Amino acid sequence: MRVELARSAGFCYGVRRAVELAEQAAQSGKPCAMLGPIIHNGSVIDYLKQQGVELVQSPDQVPPGTAVIIRSHGEGRAVHQALEERGCPVIDATCPNVSRIHRIVEEAESQGRQVLIIGMPDHPEVSAIAGWCAHPVVLEGEQALTQWLEEDPKRRELPITMVSQTTSTHFIWAECVKKAKKECTNLKIFDTICNATYKRQSEAQALAAKSDAMVVIGGRESSNTKRLAELCKALCPMVVWIERAAELEPSTLYRKASIGITAGASTPEWIIKEVYDKMSDENIEIEESFAEMLEKSIKTLNTGEKVTGVVTGITPTEIYVDLGTKHAGYIPVSELTDDPTVKVEDLVKVGDEIETYVMRVNDQEGVVTLSKKRLDTVKSWEDVEQAKEDHTTVEGVVTEENKGGVVVSIKGVRVFVPASQTGLPRETPMSQLVKQKVRLRITEVNRARKRVVGSIRAVEAEERAAKAAEVWANIEEGKRYTGTVKSLTSYGAFVDIGGVDGMVHISELSWSRIKHPSEVVSVGDTVEVYVISFDPEKKKISLGMKDRSQNPWEVFTSKYQPGDVANVRVVKLMTFGAFAEIVPGVDGLIHISQIADHRIDKPGDVLSEGQMVDVKIIDIDYDHKKVSLSIRALLEGGEEEAAPEEE
């Protein structure tokens with residue numbers, strides 16, 4: 001006789017989590033109660049009662065202050081509010097997949113959408129989902145959906161959000177989705193069927209199709225187990241549904257060449273083991289030891305092992321993984337990646353196969369804590385060592401600043417970058433690099449001491465050198481560049497034009513007279529410059545910023561002629577007179593004899609720098625680009641000759 005156990009038989013991770021939370025609550029020694037059976041298995045409920053967990057049916061039966069365990073099917077908003085009013089701490093054992101549906105329907109209704117729930121109206125999970133809505137509609141399948149739409153044609157135009165009970169079948173859901181897409185004009189669909197449920201059902205069907213008899217183990221109240229039995233009956237000539245081994249009559253299985261065994265999500269391993277013991281006691285001959293098969297399915301994992309599983313659920317705090325064993329595997333979000341900028345949904349999705357590292361194993365509770373990050377770290381050490389050997393550039397995220405430098409995480413490996421190798425100017429705070437992606441070169445690796453040293457500066461220097469070589473290979477007078485102001489001096493500004501710094505002299509920054517480059521540019525500014533001259537041997541480049549098409553002298557001569565009056569700004573006082581800016585870039589001289597209609601000792605007696613005054617243009621020397629101005633001519637109302645030049 002061949003006996004085969006379905007790989008996914010027994011507790012699903014959601015049920016296991018609920019039982020674990022109840023056990024932990026009992027072990028705490030504080031009063032606690034479960035609000036309704038936390039799972040559909042009378043034996044497990046009896047066990048929890050023996051551990052001190054009271055069973056109540058409604059919030060008003062809970063003594064004030066007693067911790068309440070919310071069952072895996074979840075509860076509606078009203079129940080949570082009632083418990084809060086009674087001052088009862090809540091231990092929420094709702095299956096994460098079900099909690100996700102609660103959030104979906106709550107948000108949908110807040111947006112004014114009609115919530116459609118595909119599932120059995122009297123199922124506790126469906127009741128809990130409906131409890132997060134004010135006006136939910138629960139439909140069992142495509143026929144009920146069709147009837148609901150035909151009752152009122154206007155319903156087809158409603159904004160509808162459709163979800164499914166986690167234990168529904170993909171066939172029922174697919175039919176409803178097909179109908180809704182065809183009929184409804186404003187539809188949002190969320191496929192909320194649990195993959196663990198689908199996988200369990202698929203495996204049971206495949207096993208039933210090749211077996212002469214199927215034994216289905218699970219509580220009579222479990223819709224999950226009931227569905228397993230229905231699916232198996234459609235494919236197998238004999239299906240025996242039992243809750244405990246005592247119900248099994250081995251004689252019914254005599255002369256069956258192949259027997260398949262599956263169990264509902266609320267069936268613990270020890271009940272499955274009971275069935276094996278009962279079959280062994282009746283001397284049923286089994287080709288492969290049932291004990292060996294059961295041992296495979298409840299395989300003990302060890303800390304440090306590499307294991308591969310399938311992602312079955314994602315929550316804001318952890319990722320659930322089916323390892324193909326009786327352990328509930330989960331990865332805390334903090335153990336998924338070192339990169340704080342990456343979103344969980346960008347890294348993993350339900351159904352993805354994922355390789356992980358076993359951090360902790362709790363065989364008694366059947367829980368395994370996994371880490372993707374640590375497995376990546378093990379692999380990353382090899383990559384880091386190879387990067388040093390090959391002198392390749394690697395990328396990481398700066399995670400912290402410490403004494404003397406910063407720490408960069410490269411796929412989980414901590415790499416220390418000394419302050420001198422960060423590439424930052426001496427006085428710049430290194431904290432600005434934290435959480436930034438950087439590229440660096442590995443300079444030292446000591447795996448025994450877990451020490452790795454890197455240099456960001458080396459990569460920047462190499463890249464800058466390559467860019468500089470390209471600039472020098474293609475530079476020519478008049479060529480324009482977009483550059484960045486790197487530093488300022490009293491005589492000009494240094495601009496990085498791509499790996500090479502050129503200097504813009506203060507006289508080339510603006511057509512206007514300025515005292516310091518900071519009047520025109522600041523460090524970090526992006527500017528447009530052009531090459532005035534360059535010396536490849538001395539590695540010097542002279543740059544200009546002034547727009548040659550806006551020559552101030554041409555602007556001046558096109559606007560003013562001798563005899564015109566202009567409002568000018570006094571820019572400099574000398575012993576022999578004052579210089580005044582007529583237009584930006586063109587100054588004229590007001591000789592001391594032309595400042596007032598009476599004799600003055602010095603220009604400062606009448607004028608001050610920055611003062612705006614009206615003047616008359618009395619002469620323009622086009623050859624030498626000099627302009628003579630007079631205030632006196634306006635005061636006297638007469639013509640004045642140009643004052644003699646003075647040095």
Side-chain angles (χ1 to χ4, degrees), residues 303-307 331-342 346-347 354-360 369-472 484 486-487 496 498-501 524 539:
T303 300
E305 275 191 78
K306 294 180 184 178
V307 291
I331 308 171
V333 169
S334 60
E335 290 296 328
L336 187 64
T337 178
D338 261 335
D339 189 344
T341 64
V342 176
D346 292 337
L347 293 178
I354 187 170
E355 188 176 11
T356 62
Y357 173 92
V358 178
M359 290 171 57
R360 285 187 302 277
T369 305
L370 307 169
S371 174
K372 176 71 166 58
K373 182 171 70 175
R374 297 196 187 187
L375 180 62
D376 290 342
T377 299
V378 173
K379 294 179 177 179
S380 295
W381 271 100
E382 299 172 0
D383 295 339
V384 166
E385 289 175 328
Q386 194 64 46
K388 180 183 180 299
E389 293 298 320
D390 297 342
H391 302 287
T392 54
T393 299
V394 293
E395 187 175 90
V397 176
V398 179
T399 57
E400 62 183 273
E401 174 191 5
N402 63 18
K403 186 177 181 180
V406 296
V407 174
V408 180
S409 175
I410 301 177
K411 297 180 181 178
V413 177
R414 288 169 56 88
V415 180
F416 175 67
V417 179
S420 62
Q421 297 301 313
T422 60
L424 296 175
R426 186 179 297 274
E427 302 300 325
T428 305
M430 291 183 291
S431 58
Q432 71 178 37
L433 287 175
V434 176
K435 295 185 180 180
Q436 299 297 314
K437 282 188 177 181
V438 294
R439 302 172 71 242
L440 63 158
R441 188 66 54 79
I442 303 300
T443 58
E444 178 187 339
V445 178
N446 188 325
R447 196 163 182 174
R449 295 178 57 192
K450 294 185 177 180
R451 174 180 169 81
V452 184
V453 180
S455 172
I456 300 171
R457 180 182 175 185
V459 174
E460 293 178 347
E462 186 174 300
E463 292 175 345
R464 186 175 175 84
K467 290 179 179 179
E470 183 179 352
V471 169
W472 284 112
T484 303
K486 303 297 288 186
S487 62
D496 180 356
V500 179
D501 286 353
K539 300 296 181 184

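Reckoned from all heavy atoms, side chains included, excluding hydrogens, waters and symmetry mates. These numbers were taken from a predicted model, which means no experiment stands behind them.
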Would you please test Glu400 and Arg414 for salt bridge (charged side-chain N to carboxylate O under 4.0 Å, His left out) and show each step? CA-CA 10 Å; Glu400 62 183 273; Arg414 288 169 56 88; 2.9 Å; yes
Can you list everything that forms a side chain to side chain contact (heavy atoms under 4.5 Å, CB included) with Ser420? Sequence neighbours excluded, please. Pro418
Least distance between heavy atoms, Ser409 atom then Thr399 atom: CB-CG2, 3.6 Å
Are Arg441 and Thr393 packed together at the side-chain level, in the sense that at least one heavy-atom pair is separated by less than 4.5 angstrom? yes
Do Leu440 and Ile410 have side chains that get closer than 4.5 Å, going by heavy atoms? yes
Within a strict 4.5 Å, meaning less than it, do heavy atoms of the Lys373 and Met359 side chains meet? no
Between Ala468 and Gly499 the two heavy atoms that sit nearest each other are CB-O, 3.3 Å
How far apart are the C-alpha atoms of Val415 and Val407, what are their side-chain angles, what is the distance that settles it, and do they pass the side-chain contact (heavy atoms from CB on, under 4.5 Å) test? CA-CA 6 Å; Val415 180; Val407 174; over 6 Å; no
For Met430 and Leu424, work out which heavy atoms get closest and say how close. CA-CD1, 3.8 Å
List in chain and number order the residues that pass side-chain hydrogen bond (donor to acceptor under 3.5 Å, both in side chains) with Glu385, two or more places apart in sequence or in another chain; answer none if no residue qualifies. Arg447
Set of side-chain hydrogen bond (donor to acceptor under 3.5 Å, both in side chains) partners for Lys372, sequence neighbours left out: Asp376
So do the side chains of Leu370 and Ile354 get within less than 4.5 Å of each other, counting heavy atoms only? no
Salt bridge (charged side-chain N to carboxylate O under 4.0 Å, His left out) partner of Asp501, chosen from Lys467, Arg464, Lys539: Arg464
Output the distance between atom CZ (Arg451) and atom CD (Glu444), rounded to the nearest 0.5 Å. 4.5 Å
Non-neighbouring partners of Glu470 that pass salt bridge (Lys or Arg N to Asp or Glu O under 4.0 Å), sequence neighbours left out: none
With sequence neighbours left out, what residues match Leu347 under side chain to side chain contact (heavy atoms under 4.5 Å, CB included)? Leu336, Thr337, Val342
How would you list, by chain and number, every residue that makes a side-chain hydrogen bond (donor to acceptor under 3.5 Å, both in side chains) with Lys379, sequence neighbours excluded? Glu355
I'd like to check Ile442 versus Val394 (side-chain heavy atoms, cut-off strictly below 4.5 Å). Are they in contact? yes
Any idea which heavy atoms bring Thr428 and Gln432 closest together, and the distance? CG2-OE1, 3.4 Å
How close do Lys450 and Trp381 get, heavy atom to heavy atom, and via which atoms? CA-CH2, 3.6 Å
Note, Thr443 side chain near Gln421 side chain (heavy atom, < 4.5 Å): no
